[in-house]
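Beneath this line is the structure, given in structure tokens, with notes to follow.
Just so we're on the same page: letters track the sequence lines, and every chain starts at 1. All values below were derived from every heavy atom in this structure, side-chain atoms included, with hydrogens, water molecules and symmetry-related copies excluded.
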There are 2 protein chains.
Amino acid sequence: MQKQTFLTKNQQIVLNLVEKSSQPLKAYSILFNVQKKGLKAPLQVYRALDKLVEIGKIHKIESRNAFIACQDSSCQISKATAFSICESCEKVTEINNSKLSKYLNNFKDSSGMKYSKYNLEFFGLCKKCKNK
Amino acid sequence: MQKQTFLTKNQQIVLNLVEKSSQPLKAYSILFNVQKKGLKAPLQVYRALDKLVEIGKIHKIESRNAFIACQDSSCQISKATAFSICESCEKVTEINNSKLSKYLNNFKDSSGMKYSKYNLEFFGLCKKCKNK
DNA sequence: AATTTTTTGTTATAATATAACAATGTGTAA
DNA sequence: TTACACATTGTTATATTATAACAAAAAATT
């Protein structure tokens with residue numbers, strides 16, 4: 001069997017839900033919402049999430065243990081991700097800034113280690129929350 | 001009571017352990033190792049960890065759910081952190097690069113949101129693992 | 001069709017983290 | 001210096017997040 005090029009049923013169900021949401025979803029909230037579609041166990045959700053993250057359709061917000069759909073249609077793999085996170089309303093936005101990604105992709109520190117991937121999370125108050 | 005300026009007994013016990021370790025420690029591994037010192041419950045460890053993170057003595061490696069001592073003695077608060085993580089041996093190193101931190105502290109994206117904090121995790125293979 | 005591999009379904013359990021509340025300790029101020 | 005306020009502790013219970021193990025079904029390959 002060659003490498004999977006399409007989404008399986010479970011992956012599609014989970015992706016549809018995550019894409020409908022404007023904000024990151026927790027795994028068990030996803031589980032609850034897809035139970036009517038037949039996904040009954042955590043593993044079914046986690047397996048779909050794992051694959052979707054691997055192929056870059058969704059990203060995991062590590063500091064929140066939550067999953068958000070990729071905003072960049074050209075993204076094929078989650079190897080350079082940046083997000084802004086509002087510490088008040090928890091709104092999360094993917095940052096798509098070519099200068100930033102170029103800077104980080106080329107970053108080398110003194111250790112001589114070459115990085116193949118990064119994840120950056122910015123925290124602060126979003127415009128709405130700042131003006132409250 | 002004024003804001004705590006020193007470490008409490010539990011915080012000191014947890015910090016000592018984390019500082020002795022060259023690599024990030026998991027909360028329950030910390031718990032196991034401090035049980036002889038009298039910390040018997042997860043909450044005692046998590047509370048100490050929370051405070052130590054807050055005051056910048058340790059950092060949480062979000063993608064690993066693990067805690068590492070701060071390498072920068074001048075660090076008073078965990079508001080600008082960067083790490084390199086080897087995906088093979090799991091070695092984690094704090095990155096202390098003033099150009100990087102300056103760049104990220106000054107970064108503004110199109111949303112107009114002002115960031116007060118960031119956490120950056122680089123992934124790859126460390127020198128040792130690359131040469132295997 | 002036989003083989004191989006991926007995906008699925010399922011049960012159980014591991015690992016990570018917090019809620020709630022009573023008790024104790026410590027700094028501040030009357 | 002004692003009463004107040006509040007931070008910290010100890011404890012039990014439970015919530016949340018995630019994976020192990022294995023059998024069965026589905027899809028691609030030969």
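Between B:Thr8 and D:dA7 there is no side-chain N or O to OP1 or OP2 distance below 4.0 Å. Under 4.0 angstrom from either OP1 or OP2 of D:dT11 there lies at least one side-chain N or O belonging to B:Lys40. Not one side-chain nitrogen or oxygen of A:Lys9 sits closer than 4.0 Å to the OP1 or OP2 atom of C:dT7. Between A:Lys60 and D:dA18 there is a side-chain N or O to OP1 or OP2 distance below 4.0 Å. For A:Gln44 and C:dT8, the shortest distance from a side-chain N or O to OP1 or OP2 is not below 4.0 Å. At the phosphate of C:dA17, OP1 or OP2 sits under 4.0 Å from a side-chain N or O atom of B:Asn65. Residue B:Tyr28 has no polar side-chain atom (N or O) positioned under 4.0 Å from OP1 or OP2 of C:dA15. In terms of phosphate contacts, A:Tyr46 brings no side-chain nitrogen or oxygen within less than 4.0 Å of OP1 or OP2 of D:dT19.
Spacing between atom CD of B:Gln12 and atom C1' of D:dT9 amounts to 17 Å, rounded to whole angstrom units. Computed from coordinates, the A:Leu39 CG to C:dT7 C1' distance equals 12 Å when rounded to whole Å. The nearest whole Å value for the distance from the CZ atom in B:Phe6 to the P atom in D:dA7 is 13 Å. Rounded to an integer number of Å, the gap from CG of B:Leu43 to C1' of C:dA20 is 10 Å. At whole-Å resolution of the value, CZ in A:Phe32 and P in D:dT16 are 13 Å apart. The interatomic distance linking B:Asn10 (CG) with D:dA7 (P) rounds to 17 Å, in whole Å. Whole-Å rounding puts the A:Arg64 CZ to D:dA18 P distance at 14 Å. Atoms CD (A:Gln35) and P (C:dT10) sit 12 Å apart, rounded to a whole Å.
Each of A:Lys26 and B:Gly38 was matched to the nucleotide of DNA chain D holding its nearest heavy atom; the match closer to the 5' end belongs to B:Gly38. Where B:Phe67 and B:Arg47 each meet DNA chain C at their nearest nucleotide, the meeting point lying more 5' is that of B:Phe67.
Residues A:Phe83 and A:Thr93 are not in side-chain contact: their nearest non-hydrogen atoms beyond the backbone lie 4.5 Å or more apart.
Using modelled atom types and a 3.5 Å distance limit, the side chains of A:Glu62 and B:Ser63 yield no donor-acceptor pair. A donor-acceptor pair shorter than 3.5 Å can be found between the side chains of A:Asp109 and A:Ser111.
When ring centroids are compared, B:Phe123 and A:Tyr115 stay outside the 6.0 Å threshold. For A:Tyr103 and B:Tyr103, the ring centers sit closer than 6.0 Å to each other.
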